[in-house]
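Heavy atoms only: backbone and side chains are in, while hydrogens, waters and symmetry mates are out. All values derive from a computational prediction rather than experimental measurement.
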Amino acid sequence: MNRPSRLAGLAARAGHDTPAAMLRAQSVYIAFALLVIVDLIFTPGFRNPIVIRNLLFQASPIILITLGQSLAIGTRGIDLSVGSSMALAASVMALALPGGAGVSVVAALGTGLAVGLLNGALIAFLDINPLISSLALLVTARGLAEALLDGSRVSLPTGGVFDWLGIGAVSLVPMVAIIALALAATVALVVRTTVFGRSLVFIGANQAAAVIAGIKVRRTLFAVYAASGLLAGLAGLFAAARLGAADPNYIGLNFELDAIAAAVIGGTPLSGGRVSIAGGVFGVLLLQVLGASFIMNDINFSYAQILKAAFIVAALYLQRAGG
């Protein structure tokens with residue numbers, strides 16, 4: 001193993017050898033299991049398999065953008081543009097419908113990738129802070145999505161790929177969930193076993209040292225945000241297919257906040273230097289089950305949002321205390 005790889009390995013393992021850190025690494029799984037058990041006992045209707053199916057449908061787009069968000073946070077960055085990128089991808093997809101479903105799908109993915117490439121270029125080559133760059137694209141992409149469709153909802157054609165993604169399932173497992181989990185496994189493998197994965201973790205741990213070690217920092221950051229944009233484009237496709245329409249006012253709205261919360265709760269710290277893909281996936285599932293618990297127990301939406309925020313703050317505090 002060359003020097004950059006050894007250093008990246010040391011950076012990735014830093015902080016993992018204490019009991020508190022090991023407990024923190026497992027906390028999202030423990031919390032998820034406890035919440036499911038409580039719901040199975042006390043929440044009416046939670047045992048219905050259709051509830052689980054619907055939760056997986058809702059979680060799949062957020063899982064996708066959490067993957068990209070985890071990579072960005074791992075480099076000590078952030079990507080606030082993902083929710084708006086979803087909306088823009090769905091809007092462009094709707095405009096491309098006359099060309100057929102295949103052209104529309106490619107248009108959605110290409111739009112997400114284009115936003116990611118622009119974001120990556122601003123961050124990697126113009127040295128713009130990721131918070132500023134992605135915040136600007138959050139506003140710009142959402143505004144462009146609304147302008148393209150004149151702020152209106154455009155229905156997608158029934159049948160074909162959109163129905164396959166929107167309602168298709170193997171037994172009770174939605175096709176979109178299968179795709180999202182397969183991509184999560186792929187991203188986890190990339191982070192753990194490739195030079196690219198080790199490089200982005202090392203950049204997050206110490207960017208100056210990464211430069212000295214010979215890691216291509218700018219190229220790695222560019223690729224990270226491009227991947228985040230591509231995943232957001234796919235998430236926009238999933239969300240539109242499930243909704244049956246491209247809605248620039250609704251699709252992806254505030255999804256970036258859930259993705260950030262899920263990634264950090266799952267064990268990817270905002271300080272960078274570590275990426276937990278599996279933890280991020282379970283972070284999404286945890287927040288989805290929590291939201292469903294509030295709804296199924298008839299908790300007022302406003303109070304539910306307050307309780308959810310309190311839960312996220314407590315979880316993030318425990319993550320920080322565990323480190």
Side-chain angles (χ1 to χ4, degrees), residues 8 11-12 14 62 64-89 111-145 187 191 196-233 235 252-276 280 283 312-313 316 319-320 323:
I62 306 178
L64 290 178
I65 60 173
T66 299
L67 299 179
Q69 195 70 255
S70 296
L71 297 180
I73 293 174
T75 64
R76 200 177 291 189
I78 201 162
D79 190 354
L80 298 178
S81 69
V82 288
S84 296
S85 296
M86 289 175 60
L88 182 57
T111 300
L113 178 60
V115 175
L117 290 172
L118 176 58
N119 196 21
L122 293 174
I123 293 166
F125 303 121
L126 297 183
D127 294 321
I128 296 177
N129 186 288
L131 179 65
I132 303 302
S133 172
S134 60
L135 181 60
L137 287 174
L138 178 152
V139 177
T140 303
R142 178 71 62 179
L144 183 56
V187 173
V191 170
F196 171 75
R198 292 191 293 270
S199 295
L200 74 87
V201 169
F202 192 29
I203 289 169
N206 191 325
Q207 184 167 326
V211 173
I212 294 172
I215 290 174
K216 305 296 184 182
V217 173
R218 294 185 186 276
R219 187 169 64 186
T220 301
L221 290 175
F222 183 64
V224 163
Y225 287 95
S228 182
L230 180 60
L231 289 165
L253 188 63
N254 294 328
F255 275 30
E256 62 276 355
L257 302 180
D258 282 343
I260 293 168
V264 179
I265 289 172
T268 301
L270 288 171
S271 57
R274 186 166 67 249
V275 176
S276 176
I312 291 173
V313 170
L316 296 182
Q319 283 282 355
R320 180 176 178 273

Spacing of [atom1] belonging to [X] relative to [atom2] belonging to [Y], to within rounding of 0.5 Å:
| X | Y | atom1 | atom2 | answer |
| --- | --- | --- | --- | --- |
| Phe255 | Leu80 | CZ | CG | 15.5 Å |
| Asp79 | Leu138 | CG | CG | 9.5 Å |
| Thr75 | Ile203 | OG1 | CD1 | 7.0 Å |
| Thr268 | Ile260 | OG1 | CD1 | 12.0 Å |
| Leu230 | Thr111 | CG | OG1 | 11.0 Å |
| Phe196 | Lys216 | CZ | NZ | 15.0 Å |

### Task
Any pair with a residue in residues 252-264 that passes side-chain hydrogen bond (donor to acceptor under 3.5 Å, both in side chains), sequence neighbours left out, goes on the list, sorted by first then second residue, please.
Asp258-Lys308

### Task
Please name all residues satisfying salt bridge (charged side-chain N to carboxylate O under 4.0 Å, His left out) with Arg218, sequence neighbours left out, ordered by chain then number.
Asp127

#### Entry: Any Phe125 side-chain heavy atom under 4.5 Å of Leu221 side chain
no

#### Entry: Within-4.5 Å side-chain heavy-atom neighbours: Pro130 and Tyr225
yes

### Query
What are the two closest non-hydrogen atoms of Val82 and Ser228, and how far apart are they?
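So the minimum-distance heavy-atom pair works out to CG1-OG, 3.5 Å.
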
### Message
Show the nearest heavy-atom pair for residues Ser85 and Ala141, with the distance to one decimal.
### Response
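Looking at all heavy atoms of both residues, the closest pair is N-CB, 4.3 Å.
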
### Query
Can you list the steps and then say if Ile65 with Leu231 is a side chain to side chain contact (heavy atoms under 4.5 Å, CB included)?
CA-CA 6 Å; Ile65 60 173; Leu231 289 165; 5.7 Å; no

